[in-house]
2 protein chains.
Amino acid sequence: MTTRPSTQETRERLLAAALEAFGQRDYDAVSTRELATAAGVNLAAISYHFGGKHGLYLATARLLGERMRALLHEDLSWVRSAYADASPEECRRLVGDLIGRLAARLLGDAFGRHVPGLIIREQGQPTEAFEILYETLFGPIHHVLGELIGRARGRPADDDETRVIAHALIGQAVIFRAGRTALLRYMDREGFDEGDLVHIRRVVAALAESALTGHVEGDEPCL
Amino acid sequence: MTTRPSTQETRERLLAAALEAFGQRDYDAVSTRELATAAGVNLAAISYHFGGKHGLYLATARLLGERMRALLHEDLSWVRSAYADASPEECRRLVGDLIGRLAARLLGDAFGRHVPGLIIREQGQPTEAFEILYETLFGPIHHVLGELIGRARGRPADDDETRVIAHALIGQAVIFRAGRTALLRYMDREGFDEGDLVHIRRVVAALAESALTGHVEGDEPCL
DNA sequence: AAACATAGTTCAAACGAATGTTTAACTCAA
DNA sequence: TTGAGTTAAACATTCGTTTGAACTATGTTT
(Lines give C-alpha, C1' and ligand atoms only; values in the text may rest on other atoms or scores of the structure.)
Protein backbone atom coordinates (compact mmCIF):
# COMPACT_ATOMS: atom_id res chain seq x y z
CA MET A 1 0.00 0.00 0.00
CA THR A 2 2.38 2.64 1.24
CA THR A 3 5.47 3.23 -0.82
CA ARG A 4 8.54 1.49 0.40
CA PRO A 5 11.44 3.64 1.52
CA SER A 6 13.61 2.39 -1.32
CA THR A 7 11.16 3.66 -3.92
CA GLN A 8 11.85 7.31 -3.31
CA GLU A 9 15.55 6.66 -3.09
CA THR A 10 15.58 4.97 -6.47
CA ARG A 11 13.85 7.96 -8.00
CA GLU A 12 16.25 10.38 -6.36
CA ARG A 13 19.30 8.40 -7.40
CA LEU A 14 18.12 8.36 -11.00
CA LEU A 15 17.30 12.05 -10.97
CA ALA A 16 20.70 12.91 -9.55
CA ALA A 17 22.46 10.84 -12.18
CA ALA A 18 20.27 12.30 -14.92
CA LEU A 19 20.89 15.87 -13.78
CA GLU A 20 24.60 15.27 -13.94
CA ALA A 21 24.51 13.52 -17.31
CA PHE A 22 21.93 15.64 -19.13
CA GLY A 23 23.63 18.74 -17.82
CA GLN A 24 26.85 17.85 -19.56
CA ARG A 25 25.79 16.06 -22.68
CA ASP A 26 22.94 16.00 -25.13
CA TYR A 27 19.83 13.90 -24.69
CA ASP A 28 20.86 11.42 -27.37
CA ALA A 29 24.40 11.22 -26.05
CA VAL A 30 23.16 9.85 -22.73
CA SER A 31 22.09 6.20 -22.61
CA THR A 32 19.62 4.66 -20.22
CA ARG A 33 22.12 1.98 -19.22
CA GLU A 34 24.66 4.60 -18.32
CA LEU A 35 22.12 6.42 -16.17
CA ALA A 36 21.06 3.24 -14.41
CA THR A 37 24.66 2.26 -13.72
CA ALA A 38 25.60 5.71 -12.45
CA ALA A 39 22.55 5.73 -10.21
CA GLY A 40 23.23 2.20 -9.02
CA VAL A 41 19.74 1.04 -9.89
CA ASN A 42 18.32 -1.46 -12.31
CA LEU A 43 17.79 -0.49 -15.92
CA ALA A 44 14.07 -1.16 -15.81
CA ALA A 45 13.63 1.35 -13.01
CA ILE A 46 13.67 4.18 -15.56
CA SER A 47 10.63 2.87 -17.36
CA TYR A 48 8.97 1.84 -14.13
CA HIS A 49 9.33 5.14 -12.29
CA PHE A 50 9.38 7.70 -15.09
CA GLY A 51 7.72 5.91 -17.98
CA GLY A 52 10.91 5.96 -20.03
CA LYS A 53 13.94 8.03 -20.87
CA HIS A 54 11.93 11.02 -22.02
CA GLY A 55 9.91 11.06 -18.83
CA LEU A 56 13.09 11.03 -16.80
CA TYR A 57 14.43 13.91 -18.88
CA LEU A 58 11.33 16.00 -18.22
CA ALA A 59 11.43 15.15 -14.52
CA THR A 60 15.06 16.27 -14.53
CA ALA A 61 14.10 19.57 -16.14
CA ARG A 62 11.46 20.09 -13.48
CA LEU A 63 13.95 19.34 -10.72
CA LEU A 64 16.46 21.68 -12.31
CA GLY A 65 13.88 24.42 -12.59
CA GLU A 66 13.02 24.12 -8.92
CA ARG A 67 16.64 24.20 -7.86
CA MET A 68 17.41 27.22 -9.98
CA ARG A 69 14.34 28.94 -8.70
CA ALA A 70 15.50 28.33 -5.16
CA LEU A 71 18.98 29.63 -5.94
CA LEU A 72 17.58 32.72 -7.62
CA HIS A 73 14.88 33.33 -5.07
CA GLU A 74 17.29 34.96 -2.66
CA ASP A 75 18.72 37.41 -5.19
CA LEU A 76 15.49 38.20 -6.94
CA SER A 77 13.33 38.71 -3.85
CA TRP A 78 16.00 40.96 -2.43
CA VAL A 79 15.98 43.02 -5.61
CA ARG A 80 12.21 43.01 -5.75
CA SER A 81 11.92 44.45 -2.28
CA ALA A 82 14.63 46.99 -3.02
CA TYR A 83 13.35 48.56 -6.19
CA ALA A 84 9.86 49.28 -4.93
CA ASP A 85 10.78 52.84 -4.01
CA ALA A 86 14.18 53.12 -5.63
CA SER A 87 15.47 56.02 -7.66
CA PRO A 88 16.57 55.50 -11.27
CA GLU A 89 20.19 55.68 -10.15
CA GLU A 90 19.61 53.01 -7.53
CA CYS A 91 17.87 50.87 -10.11
CA ARG A 92 20.86 51.14 -12.40
CA ARG A 93 23.06 50.02 -9.57
CA LEU A 94 20.74 47.12 -8.79
CA VAL A 95 20.82 45.97 -12.41
CA GLY A 96 24.60 46.08 -12.46
CA ASP A 97 24.78 44.18 -9.22
CA LEU A 98 22.36 41.53 -10.44
CA ILE A 99 24.12 41.00 -13.76
CA GLY A 100 27.54 40.92 -12.15
CA ARG A 101 26.38 38.45 -9.56
CA LEU A 102 24.78 36.28 -12.22
CA ALA A 103 27.92 36.29 -14.33
CA ALA A 104 30.11 35.25 -11.43
CA ARG A 105 27.69 32.52 -10.40
CA LEU A 106 27.47 31.18 -13.91
CA LEU A 107 31.22 31.23 -14.39
CA GLY A 108 31.69 29.49 -11.07
CA ASP A 109 29.88 26.36 -10.06
CA ALA A 110 27.08 27.97 -8.10
CA PHE A 111 24.43 26.60 -10.43
CA GLY A 112 26.24 23.32 -10.85
CA ARG A 113 29.11 22.74 -13.15
CA HIS A 114 27.23 21.65 -16.24
CA VAL A 115 23.62 22.30 -15.44
CA PRO A 116 23.25 25.53 -17.43
CA GLY A 117 24.19 23.56 -20.52
CA LEU A 118 20.82 21.86 -20.50
CA ILE A 119 19.09 25.22 -20.53
CA ILE A 120 21.20 26.53 -23.37
CA ARG A 121 20.64 23.38 -25.38
CA GLU A 122 16.90 23.56 -24.88
CA GLN A 123 16.82 26.87 -26.71
CA GLY A 124 18.09 25.29 -29.86
CA GLN A 125 15.38 22.72 -30.28
CA PRO A 126 12.84 23.53 -27.60
CA THR A 127 10.95 20.59 -26.15
CA GLU A 128 8.41 20.48 -23.36
CA ALA A 129 11.30 21.03 -21.01
CA PHE A 130 11.81 24.53 -22.34
CA GLU A 131 8.46 25.66 -21.00
CA ILE A 132 9.35 24.35 -17.58
CA LEU A 133 12.69 26.11 -17.60
CA TYR A 134 11.41 29.41 -18.95
CA GLU A 135 8.69 29.62 -16.34
CA THR A 136 11.07 29.10 -13.45
CA LEU A 137 14.23 30.66 -14.78
CA PHE A 138 14.31 33.03 -17.70
CA GLY A 139 10.84 34.32 -16.99
CA PRO A 140 11.47 35.65 -13.48
CA ILE A 141 14.81 37.14 -14.49
CA HIS A 142 13.30 38.79 -17.53
CA HIS A 143 10.52 40.17 -15.39
CA VAL A 144 12.63 41.62 -12.59
CA LEU A 145 15.19 42.99 -15.00
CA GLY A 146 12.47 44.58 -17.09
CA GLU A 147 11.04 46.36 -14.07
CA LEU A 148 14.44 47.61 -12.98
CA ILE A 149 15.57 48.77 -16.40
CA GLY A 150 12.26 50.41 -17.14
CA ARG A 151 12.47 52.37 -13.92
CA ALA A 152 16.12 53.20 -14.48
CA ARG A 153 15.45 54.59 -17.95
CA GLY A 154 12.06 56.09 -17.30
CA ARG A 155 10.23 53.74 -19.62
CA PRO A 156 7.52 51.15 -19.14
CA ALA A 157 8.75 47.70 -18.10
CA ASP A 158 6.85 46.04 -20.92
CA ASP A 159 8.37 48.33 -23.53
CA ASP A 160 10.00 46.48 -26.40
CA GLU A 161 13.14 48.54 -26.08
CA THR A 162 13.32 47.75 -22.38
CA ARG A 163 12.96 44.07 -23.15
CA VAL A 164 15.71 44.09 -25.72
CA ILE A 165 18.03 45.75 -23.24
CA ALA A 166 17.09 43.26 -20.53
CA HIS A 167 17.81 40.40 -22.85
CA ALA A 168 21.12 41.85 -23.97
CA LEU A 169 22.25 42.35 -20.40
CA ILE A 170 21.35 38.78 -19.52
CA GLY A 171 23.64 37.83 -22.37
CA GLN A 172 26.48 39.64 -20.65
CA ALA A 173 26.11 37.17 -17.82
CA VAL A 174 25.18 34.03 -19.72
CA ILE A 175 28.20 34.25 -22.01
CA PHE A 176 30.42 33.53 -19.05
CA ARG A 177 28.98 30.06 -18.97
CA ALA A 178 27.99 29.53 -22.59
CA GLY A 179 31.35 30.82 -23.79
CA ARG A 180 33.38 29.67 -20.83
CA THR A 181 35.72 27.56 -22.92
CA ALA A 182 36.42 30.44 -25.29
CA LEU A 183 37.05 32.78 -22.37
CA LEU A 184 39.55 30.39 -20.81
CA ARG A 185 41.34 30.30 -24.10
CA TYR A 186 41.17 34.09 -24.54
CA MET A 187 42.51 34.81 -21.07
CA ASP A 188 45.01 32.02 -21.24
CA ARG A 189 43.83 30.22 -18.16
CA GLU A 190 42.99 26.73 -17.06
CA GLY A 191 40.37 27.77 -14.53
CA PHE A 192 39.03 30.65 -12.47
CA ASP A 193 39.63 31.01 -8.75
CA GLU A 194 37.59 32.89 -6.20
CA GLY A 195 39.54 36.08 -6.76
CA ASP A 196 38.86 35.96 -10.48
CA LEU A 197 35.15 35.63 -9.84
CA VAL A 198 35.11 38.64 -7.55
CA HIS A 199 36.90 40.78 -10.09
CA ILE A 200 34.82 39.60 -13.00
CA ARG A 201 31.69 40.25 -11.04
CA ARG A 202 32.84 43.79 -10.37
CA VAL A 203 33.79 44.48 -13.97
CA VAL A 204 30.56 43.09 -15.37
CA ALA A 205 28.51 44.96 -12.79
CA ALA A 206 30.16 48.26 -13.70
CA LEU A 207 29.71 47.49 -17.38
CA ALA A 208 26.01 46.76 -17.09
CA GLU A 209 25.42 49.73 -14.84
CA SER A 210 27.01 52.25 -17.15
CA ALA A 211 25.33 50.66 -20.13
CA LEU A 212 22.01 52.04 -18.87
CA THR A 213 23.19 55.63 -18.88
CA GLY A 214 23.05 56.10 -22.61
CA HIS A 215 20.17 56.95 -24.86
CA VAL A 216 19.16 55.18 -28.01
CA GLU A 217 19.58 57.53 -30.92
CA GLY A 218 16.48 57.72 -32.96
CA ASP A 219 13.49 59.21 -31.29
CA GLU A 220 10.79 56.62 -31.04
CA PRO A 221 10.47 54.19 -28.16
CA CYS A 222 11.93 51.88 -30.72
CA LEU A 223 10.55 48.67 -32.14
CA MET B 1 43.83 8.70 -61.76
CA THR B 2 42.35 12.15 -61.56
CA THR B 3 39.32 12.48 -59.40
CA ARG B 4 36.08 12.11 -61.23
CA PRO B 5 33.78 15.09 -61.27
CA SER B 6 31.25 13.30 -59.10
CA THR B 7 33.79 12.88 -56.33
CA GLN B 8 33.88 16.49 -55.34
CA GLU B 9 30.17 16.78 -55.70
CA THR B 10 29.59 13.89 -53.32
CA ARG B 11 31.80 15.55 -50.74
CA GLU B 12 30.04 18.85 -51.15
CA ARG B 13 26.60 17.31 -50.92
CA LEU B 14 27.54 15.52 -47.72
CA LEU B 15 29.09 18.63 -46.22
CA ALA B 16 26.01 20.68 -47.04
CA ALA B 17 23.72 18.11 -45.46
CA ALA B 18 26.01 17.80 -42.45
CA LEU B 19 26.18 21.56 -41.95
CA GLU B 20 22.42 21.74 -41.94
CA ALA B 21 21.97 18.75 -39.62
CA PHE B 22 24.82 19.33 -37.16
CA GLY B 23 23.85 22.98 -37.00
CA GLN B 24 20.42 22.13 -35.68
CA ARG B 25 20.93 19.00 -33.65
CA ASP B 26 23.57 17.36 -31.54
CA TYR B 27 26.22 15.03 -32.93
CA ASP B 28 24.58 11.93 -31.51
CA ALA B 29 21.15 13.03 -32.66
CA VAL B 30 22.25 12.95 -36.30
CA SER B 31 22.55 9.55 -37.97
CA THR B 32 24.79 8.67 -40.86
CA ARG B 33 21.87 7.25 -42.83
CA GLU B 34 19.96 10.48 -42.43
CA LEU B 35 22.94 12.46 -43.70
CA ALA B 36 23.42 10.17 -46.68
CA THR B 37 19.74 10.34 -47.58
CA ALA B 38 19.61 14.13 -47.24
CA ALA B 39 22.73 14.44 -49.38
CA GLY B 40 21.42 11.98 -51.92
CA VAL B 41 24.53 9.85 -51.74
CA ASN B 42 25.28 6.34 -50.65
CA LEU B 43 25.80 5.57 -46.99
CA ALA B 44 29.31 4.26 -47.49
CA ALA B 45 30.40 7.55 -49.00
CA ILE B 46 30.78 8.99 -45.50
CA SER B 47 33.41 6.44 -44.52
CA TYR B 48 34.99 6.55 -47.94
CA HIS B 49 35.42 10.30 -48.20
CA PHE B 50 35.71 11.40 -44.60
CA GLY B 51 36.82 8.27 -42.78
CA GLY B 52 33.61 8.12 -40.80
CA LYS B 53 31.00 10.22 -39.07
CA HIS B 54 33.51 11.97 -36.84
CA GLY B 55 35.66 12.93 -39.78
CA LEU B 56 32.66 14.41 -41.53
CA TYR B 57 31.83 16.36 -38.39
CA LEU B 58 35.32 17.86 -38.23
CA ALA B 59 35.24 18.68 -41.92
CA THR B 60 31.92 20.40 -41.31
CA ALA B 61 33.44 22.46 -38.51
CA ARG B 62 36.26 23.49 -40.82
CA LEU B 63 33.82 24.50 -43.52
CA LEU B 64 31.74 26.40 -41.02
CA GLY B 65 34.80 28.21 -39.72
CA GLU B 66 35.77 29.29 -43.20
CA ARG B 67 32.28 30.53 -44.01
CA MET B 68 32.05 32.49 -40.80
CA ARG B 69 35.46 33.93 -41.39
CA ALA B 70 34.37 35.10 -44.79
CA LEU B 71 31.20 36.61 -43.40
CA LEU B 72 33.10 38.38 -40.67
CA HIS B 73 35.97 39.44 -42.86
CA GLU B 74 34.05 42.38 -44.25
CA ASP B 75 33.05 43.79 -40.88
CA LEU B 76 36.30 43.10 -39.11
CA SER B 77 38.64 44.40 -41.79
CA TRP B 78 36.55 47.53 -42.03
CA VAL B 79 36.85 48.02 -38.30
CA ARG B 80 40.54 47.20 -38.35
CA SER B 81 41.27 49.84 -40.91
CA ALA B 82 39.10 52.34 -39.05
CA TYR B 83 40.54 52.14 -35.57
CA ALA B 84 44.15 52.61 -36.58
CA ASP B 85 44.02 56.32 -35.89
CA ALA B 86 40.70 56.60 -34.15
CA SER B 87 39.92 58.56 -31.01
CA PRO B 88 38.59 56.79 -27.91
CA GLU B 89 35.15 58.17 -28.70
CA GLU B 90 35.28 56.79 -32.20
CA CYS B 91 36.43 53.46 -30.84
CA ARG B 92 33.46 53.34 -28.52
CA ARG B 93 31.21 53.97 -31.45
CA LEU B 94 32.92 51.27 -33.46
CA VAL B 95 32.43 48.76 -30.67
CA GLY B 96 28.77 49.60 -30.39
CA ASP B 97 28.35 49.32 -34.11
CA LEU B 98 30.11 45.96 -34.22
CA ILE B 99 28.13 44.46 -31.35
CA GLY B 100 24.85 45.76 -32.68
CA ARG B 101 25.61 44.44 -36.13
CA LEU B 102 26.59 41.08 -34.70
CA ALA B 103 23.41 40.83 -32.63
CA ALA B 104 21.20 41.58 -35.60
CA ARG B 105 23.05 39.10 -37.79
CA LEU B 106 22.83 36.40 -35.18
CA LEU B 107 19.15 37.02 -34.55
CA GLY B 108 18.49 36.96 -38.26
CA ASP B 109 19.66 34.24 -40.56
CA ALA B 110 22.83 35.92 -41.80
CA PHE B 111 25.01 33.19 -40.36
CA GLY B 112 22.59 30.46 -41.29
CA ARG B 113 19.56 29.57 -39.31
CA HIS B 114 21.02 26.95 -37.04
CA VAL B 115 24.72 27.12 -37.64
CA PRO B 116 25.63 29.06 -34.51
CA GLY B 117 24.17 26.21 -32.49
CA LEU B 118 27.13 24.03 -33.36
CA ILE B 119 29.49 26.64 -32.00
CA ILE B 120 27.58 27.04 -28.79
CA ARG B 121 27.39 23.30 -28.32
CA GLU B 122 31.09 22.90 -28.85
CA GLN B 123 31.78 25.06 -25.82
CA GLY B 124 30.07 22.59 -23.54
CA GLN B 125 32.14 19.58 -24.38
CA PRO B 126 34.94 20.91 -26.56
CA THR B 127 36.25 18.51 -29.17
CA GLU B 128 38.84 19.06 -31.85
CA ALA B 129 36.23 21.12 -33.65
CA PHE B 130 36.41 23.77 -30.95
CA GLU B 131 39.99 24.63 -31.85
CA ILE B 132 39.00 25.10 -35.46
CA LEU B 133 36.10 27.34 -34.57
CA TYR B 134 37.98 29.42 -32.04
CA GLU B 135 40.79 30.14 -34.45
CA THR B 136 38.50 31.37 -37.19
CA LEU B 137 35.66 32.85 -35.20
CA PHE B 138 35.93 33.75 -31.56
CA GLY B 139 39.62 34.48 -31.82
CA PRO B 140 39.43 37.25 -34.42
CA ILE B 141 36.42 38.84 -32.73
CA HIS B 142 38.11 38.72 -29.36
CA HIS B 143 41.20 40.27 -30.87
CA VAL B 144 39.56 43.15 -32.70
CA LEU B 145 37.22 43.88 -29.82
CA GLY B 146 40.12 43.86 -27.38
CA GLU B 147 42.01 46.40 -29.45
CA LEU B 148 38.99 48.66 -29.77
CA ILE B 149 37.97 48.48 -26.13
CA GLY B 150 41.51 48.96 -24.90
CA ARG B 151 41.85 52.10 -27.00
CA ALA B 152 38.42 53.33 -25.98
CA ARG B 153 39.19 52.96 -22.29
CA GLY B 154 42.85 53.88 -22.39
CA ARG B 155 44.06 50.46 -21.35
CA PRO B 156 46.19 47.80 -23.01
CA ALA B 157 44.35 45.44 -25.32
CA ASP B 158 45.72 42.40 -23.55
CA ASP B 159 44.60 43.65 -20.18
CA ASP B 160 42.50 41.16 -18.25
CA GLU B 161 39.86 43.74 -17.55
CA THR B 162 39.69 44.63 -21.22
CA ARG B 163 39.25 40.98 -22.07
CA VAL B 164 36.45 40.47 -19.60
CA ILE B 165 34.65 43.46 -21.05
CA ALA B 166 35.17 42.20 -24.59
CA HIS B 167 33.77 38.83 -23.66
CA ALA B 168 30.79 40.33 -21.88
CA LEU B 169 29.95 42.51 -24.87
CA ILE B 170 30.13 39.53 -27.18
CA GLY B 171 27.58 37.96 -24.89
CA GLN B 172 25.24 40.87 -25.58
CA ALA B 173 25.22 39.78 -29.20
CA VAL B 174 25.39 36.01 -28.82
CA ILE B 175 22.39 35.87 -26.51
CA PHE B 176 20.20 36.94 -29.39
CA ARG B 177 20.91 33.59 -30.99
CA ALA B 178 21.61 31.41 -27.96
CA GLY B 179 18.53 32.76 -26.18
CA ARG B 180 16.42 33.38 -29.26
CA THR B 181 13.62 31.12 -28.13
CA ALA B 182 13.42 32.81 -24.75
CA LEU B 183 13.42 36.24 -26.39
CA LEU B 184 10.56 35.28 -28.68
CA ARG B 185 8.63 34.20 -25.65
CA TYR B 186 9.56 37.34 -23.68
CA MET B 187 8.57 39.71 -26.48
CA ASP B 188 5.52 37.68 -27.35
CA ARG B 189 6.44 37.14 -30.98
CA GLU B 190 6.61 34.36 -33.48
CA GLY B 191 9.50 35.78 -35.45
CA PHE B 192 11.47 38.91 -36.18
CA ASP B 193 11.14 40.91 -39.38
CA GLU B 194 13.64 43.22 -40.99
CA GLY B 195 12.37 46.21 -39.07
CA ASP B 196 12.86 44.41 -35.78
CA LEU B 197 16.42 43.62 -36.68
CA VAL B 198 17.20 47.24 -37.50
CA HIS B 199 15.78 48.43 -34.22
CA ILE B 200 17.41 45.74 -32.16
CA ARG B 201 20.70 46.51 -33.80
CA ARG B 202 20.35 50.16 -32.88
CA VAL B 203 19.39 49.46 -29.28
CA VAL B 204 22.19 46.97 -28.73
CA ALA B 205 24.70 49.28 -30.39
CA ALA B 206 23.72 52.15 -28.12
CA LEU B 207 23.83 49.85 -25.12
CA ALA B 208 27.31 48.56 -25.86
CA GLU B 209 28.61 52.01 -26.68
CA SER B 210 27.46 53.61 -23.47
CA ALA B 211 28.66 50.60 -21.49
CA LEU B 212 32.23 51.67 -22.22
CA THR B 213 31.82 55.09 -20.67
CA GLY B 214 31.88 53.91 -17.08
CA HIS B 215 34.77 53.13 -14.82
CA VAL B 216 35.24 50.02 -12.75
CA GLU B 217 35.19 50.96 -9.11
CA GLY B 218 38.18 49.61 -7.32
CA ASP B 219 41.47 51.01 -8.37
CA GLU B 220 43.63 48.27 -9.78
CA PRO B 221 43.61 47.23 -13.43
CA CYS B 222 41.56 44.41 -11.99
CA LEU B 223 42.17 40.70 -12.13
C1' DA C 1 0.87 -16.29 16.49
C1' DA C 2 1.53 -18.57 12.23
C1' DA C 3 0.39 -18.95 7.50
C1' DC C 4 -1.31 -16.94 3.50
C1' DA C 5 -2.47 -13.40 0.05
C1' DT C 6 -1.53 -9.12 -2.13
C1' DA C 7 0.50 -5.24 -4.22
C1' DG C 8 4.69 -2.61 -5.00
C1' DT C 9 9.35 -2.94 -6.42
C1' DT C 10 13.64 -4.96 -8.12
C1' DC C 11 16.04 -7.90 -11.14
C1' DA C 12 18.42 -10.51 -15.07
C1' DA C 13 17.36 -11.52 -19.52
C1' DA C 14 15.69 -10.82 -23.90
C1' DC C 15 13.21 -7.95 -27.49
C1' DG C 16 13.23 -5.52 -31.97
C1' DA C 17 14.95 -1.47 -33.93
C1' DA C 18 18.61 1.62 -35.03
C1' DT C 19 23.38 2.80 -34.76
C1' DG C 20 28.32 3.39 -37.37
C1' DT C 21 31.04 0.73 -40.16
C1' DT C 22 32.63 -2.76 -43.43
C1' DT C 23 32.35 -5.84 -47.26
C1' DA C 24 32.34 -7.40 -51.94
C1' DA C 25 30.31 -6.85 -56.23
C1' DC C 26 29.69 -3.42 -59.73
C1' DT C 27 30.34 0.93 -62.86
C1' DC C 28 32.83 3.41 -65.90
C1' DA C 29 36.27 6.68 -67.50
C1' DA C 30 41.35 6.66 -68.32
C1' DT D 1 42.63 -3.52 -67.98
C1' DT D 2 43.19 -0.81 -64.23
C1' DG D 3 41.49 1.57 -60.21
C1' DA D 4 38.86 5.28 -58.09
C1' DG D 5 34.14 5.66 -56.92
C1' DT D 6 29.45 3.93 -56.11
C1' DT D 7 26.27 0.60 -54.56
C1' DA D 8 23.31 -2.73 -51.83
C1' DA D 9 23.79 -5.88 -48.35
C1' DA D 10 25.45 -7.46 -44.17
C1' DC D 11 28.39 -6.66 -40.02
C1' DA D 12 28.64 -6.36 -34.89
C1' DT D 13 27.02 -3.07 -31.27
C1' DT D 14 24.21 -0.39 -28.88
C1' DC D 15 19.93 1.65 -28.23
C1' DG D 16 15.22 2.14 -25.32
C1' DT D 17 11.95 -0.80 -23.79
C1' DT D 18 9.56 -4.98 -22.23
C1' DT D 19 9.13 -9.32 -20.03
C1' DG D 20 8.14 -12.51 -16.33
C1' DA D 21 10.02 -14.30 -12.35
C1' DA D 22 11.88 -13.22 -7.69
C1' DC D 23 11.79 -10.44 -3.70
C1' DT D 24 9.68 -7.77 0.20
C1' DA D 25 7.11 -5.64 2.89
C1' DT D 26 2.13 -5.02 4.42
C1' DG D 27 -2.62 -6.61 5.37
C1' DT D 28 -5.63 -10.49 6.04
C1' DT D 29 -7.02 -14.88 7.36
C1' DT D 30 -6.80 -18.91 10.11
Side-chain angles (χ1 to χ4, degrees), chain A residues 1-63 118 121-122 125 127-129, chain B residues 1-63 118 121-122 125 127-129:
Chain A
M1 194 69 67
T2 63
T3 59
R4 291 195 337 190
S6 55
T7 301
Q8 190 185 352
E9 192 180 317
T10 301
R11 285 182 59 96
E12 285 173 1
R13 282 165 154 278
L14 270 174
L15 280 170
L19 193 58
E20 180 71 15
F22 287 133
Q24 307 188 48
R25 305 195 306 284
D26 188 78
Y27 180 85
D28 298 275
V30 175
S31 76
T32 52
R33 282 167 231 276
E34 167 202 341
L35 289 174
T37 302
V41 305
N42 188 270
L43 178 60
I46 294 174
S47 292
Y48 183 80
H49 288 283
F50 298 96
K53 184 186 182 183
H54 188 233
L56 175 55
Y57 178 73
L58 290 183
T60 304
R62 269 186 286 269
L63 174 65
L118 195 153
R121 252 177 282 114
E122 270 294 328
Q125 291 278 306
T127 70
E128 307 162 53
Chain B
M1 196 67 66
T2 63
T3 59
R4 294 196 331 193
S6 56
T7 301
Q8 190 186 353
E9 191 180 319
T10 301
R11 287 182 57 95
E12 285 173 1
R13 284 165 152 277
L14 270 173
L15 280 171
L19 192 59
E20 179 71 16
F22 286 134
Q24 308 188 47
R25 304 195 307 283
D26 187 77
Y27 180 84
D28 297 275
V30 175
S31 76
T32 52
R33 280 165 233 276
E34 167 200 342
L35 288 174
T37 303
V41 305
N42 188 271
L43 178 59
I46 294 174
S47 293
Y48 183 80
H49 287 285
F50 298 95
K53 183 185 182 184
H54 188 233
L56 174 56
Y57 179 73
L58 290 182
T60 304
R62 269 186 286 270
L63 173 65
L118 196 154
R121 251 178 281 114
E122 270 294 327
Q125 291 277 304
T127 70
E128 307 161 52

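For the pair B:L14 CG and D:dT7 C1', the computed distance is 14 Å after rounding to whole Å. Distance CZ (A:F50) to P (D:dT18): 16 Å, rounded to an integer number of Å. For A:D26 and D:dC15, the CG to P distance is 14 Å, given to the nearest whole Å. Atom P of nucleotide D:dA4 and atom CZ of B:R11 are separated by 16 Å, given to the nearest angstrom. Atoms CZ (B:R13) and P (D:dT7) sit 10 Å apart, rounded to a whole Å.
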Under a 4.0 Å heavy-atom criterion, the protein footprint on nucleotides 12-24 of chain C, written with B, S and -, is B-B----BBBBB-
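Applying the side-chain hydrogen bond (donor to acceptor under 3.5 Å, both in side chains) definition to pairs two or more places apart or across chains, those involving residues 17-30 of chain A are A:E20-A:Q24, A:R25-A:E34.
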Between side-chain atoms of residues 42-52 of chain A and protein atoms elsewhere (two or more places apart, or another chain), which donor-acceptor pairs fall under 3.5 Å?
unit_1, atom_1, unit_2, atom_2, d
A:N42, OD1, A:A44, N, 2.9

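A distance-only check finds a donor-acceptor pair linking the side chain of A:R121 to the backbone of A:G23 [under 3.5 Å].
Neither OP1 nor OP2 of C:dG8 sits under 4.0 Å from any side-chain N or O of A:H49.
Among all heavy-atom pairs drawn from A:A129 and A:L58, the shortest one is N-CD2, 3.8 Å. Across all their heavy atoms, B:L14 and B:L35 have their closest contact at CD2-O, 4.2 Å.
Note that CZ of B:F22 is 10.5 Å distant from CD of B:E122, once rounded to the nearest 0.5 Å.
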